[in-house]
Structure formats: structure tokens, C-alpha cells
Amino acid sequence: MIKKISCPICGTQVEYTIENSPKWYRDPSLPVYRIDCYNKCRRYWLEAISDPYPYVDPSILTFLDSLDDEQRVFISESAQRVCDNDCWLIYDKSGLQNKQETWTR
């Protein structure tokens, strides 16, 4: 059965899986949510918390909830460009804040 949620960035219904983060990431033991947002943001990963079961870090969701539509579109388009270049993109709260600060410059 395919699991679906609303994309935390653009709101589209998306497929997701829970995976271990890649070896090159800052802590490969961290779980990540792989979000397959085919129409909007492409594929990206959100850092998760593993206890008691893997779930998206609440600080990421709180941060995304604070964004307006233009900021969300900016992050979505940034994710599209990175994914279209076959790069991995794992978002944690600080990475998303950096994107938002780039948008405001």
C-alpha cells in the first residue's frame, strides 16, 4: 500500500517513504521522509525524529507553517531545480531557514 500525505511545502497529495539518511549525511542513523512530489517540488527528503517511531521533525513543520505562499513557491522551485540536476536534498530546519533568508534578500 502506498502511503500518502500532504506535501509540507506545496500542499499537494504526495507519496512518501521512510528511509535511513545516506552515508554522506551528517548522521546516517537519522531517519528521513522521502517525499515524491512529482508535479511540484519533485523529490526531496525531510529530516525525521525516530522516537517512538519516525515522524517529520515538528520544528520543520512549524517553520513551514509560518511561511506565506510566495516563500513556499520559492522553496518549492528551489527543490525542483536541485532535483532536476540529480542532486540529493535533505531539509532540516536550518536548511529551510537559509532558503527563506535567501528569498528575503
Side-chain angles (χ1 to χ4, degrees):
M1 181 176 166
I2 296 173
K3 299 178 196 172
K4 290 199 168 199
I5 59 171
S6 291
C7 174
I9 297 173
C10 72
T12 303
Q13 280 292 303
V14 295
E15 296 175 6
Y16 77 95
T17 59
I18 299 169
E19 304 175 345
N20 288 328
S21 54
K23 291 182 174 124
W24 55 262
Y25 194 57
R26 66 184 176 88
D27 182 353
S29 69
L30 286 172
V32 290
Y33 269 61
R34 186 184 82 204
I35 311 289
D36 293 315
C37 186
Y38 299 111
N39 295 329
K40 299 269 185 170
C41 309
R42 308 291 195 268
R43 174 178 288 174
Y44 65 92
W45 291 259
L46 291 178
E47 200 171 275
I49 294 174
S50 60
D51 188 29
Y53 56 86
Y55 59 98
V56 175
D57 183 342
S59 69
I60 292 173
L61 299 177
T62 299
F63 174 76
L64 289 170
D65 285 344
S66 73
L67 300 179
D68 63 29
D69 288 343
E70 288 178 297
Q71 292 166 320
R72 286 175 178 278
V73 167
F74 177 77
I75 291 174
S76 177
E77 288 175 350
S78 297
Q80 287 175 34
R81 282 192 295 278
V82 170
C83 292
D84 286 348
N85 289 324
D86 294 328
C87 295
W88 280 66
L89 179 64
I90 298 178
Y91 281 131
D92 59 9
K93 183 182 175 195
S94 64
L96 286 164
Q97 285 174 320
N98 289 339
K99 281 274 183 227
Q100 190 258 351
E101 288 168 9
T102 301
W103 180 85
T104 58
R105 289 184 193 150

Answer whether the closest heavy-atom distance between the side chains of [X] and [Y] falls below 4.5 Å.
X	Y	result
D92	R26	yes
P22	I90	yes
P31	E19	no
P8	L46	yes

Are [Y] and [X] connected in a single hydrophobic cluster, I mean Ile/Leu/Val/Met/Phe/Trp/Tyr linked by side-chain heavy atoms less than 4.5 Å apart?
X	Y	answer
Y38	I75	no
F63	L89	yes
L96	V73	no

Derivation and outcome, side chain to side chain contact (heavy atoms under 4.5 Å, CB included), residues S6 and Q13: CA-CA 4 Å; S6 291; Q13 280 292 303; 2.9 Å; yes
D69 CG: over 12 foreign heavy atoms closer than 6.0 Å: no
With I49, the side chain to side chain contact (heavy atoms under 4.5 Å, CB included) member among D57, V56, I60: D57
Distance-minimising heavy-atom pair for N20 and P28: CB-O, 4.0 Å
When rounded to the nearest 0.5 angstrom, what is the spacing between [atom1] in [X] and [atom2] in [Y]?
X	Y	atom1	atom2	answer
Q80	C37	CD	SG	8.5 Å
L64	Y91	CG	OH	9.5 Å
I35	K40	CD1	NZ	16.0 Å

Trace of the side chain to side chain contact (heavy atoms under 4.5 Å, CB included) decision for T62 with D65: CA-CA 5 Å; T62 299; D65 285 344; 5.7 Å; no
Within the distance-only criterion (no hydrogens, no angle test), does the side chain of [X] pair as donor or acceptor with the backbone N or O of [Y] below 3.5 angstrom?
X	Y	result
S21	L30	yes
R72	I9	yes
Y44	S76	no

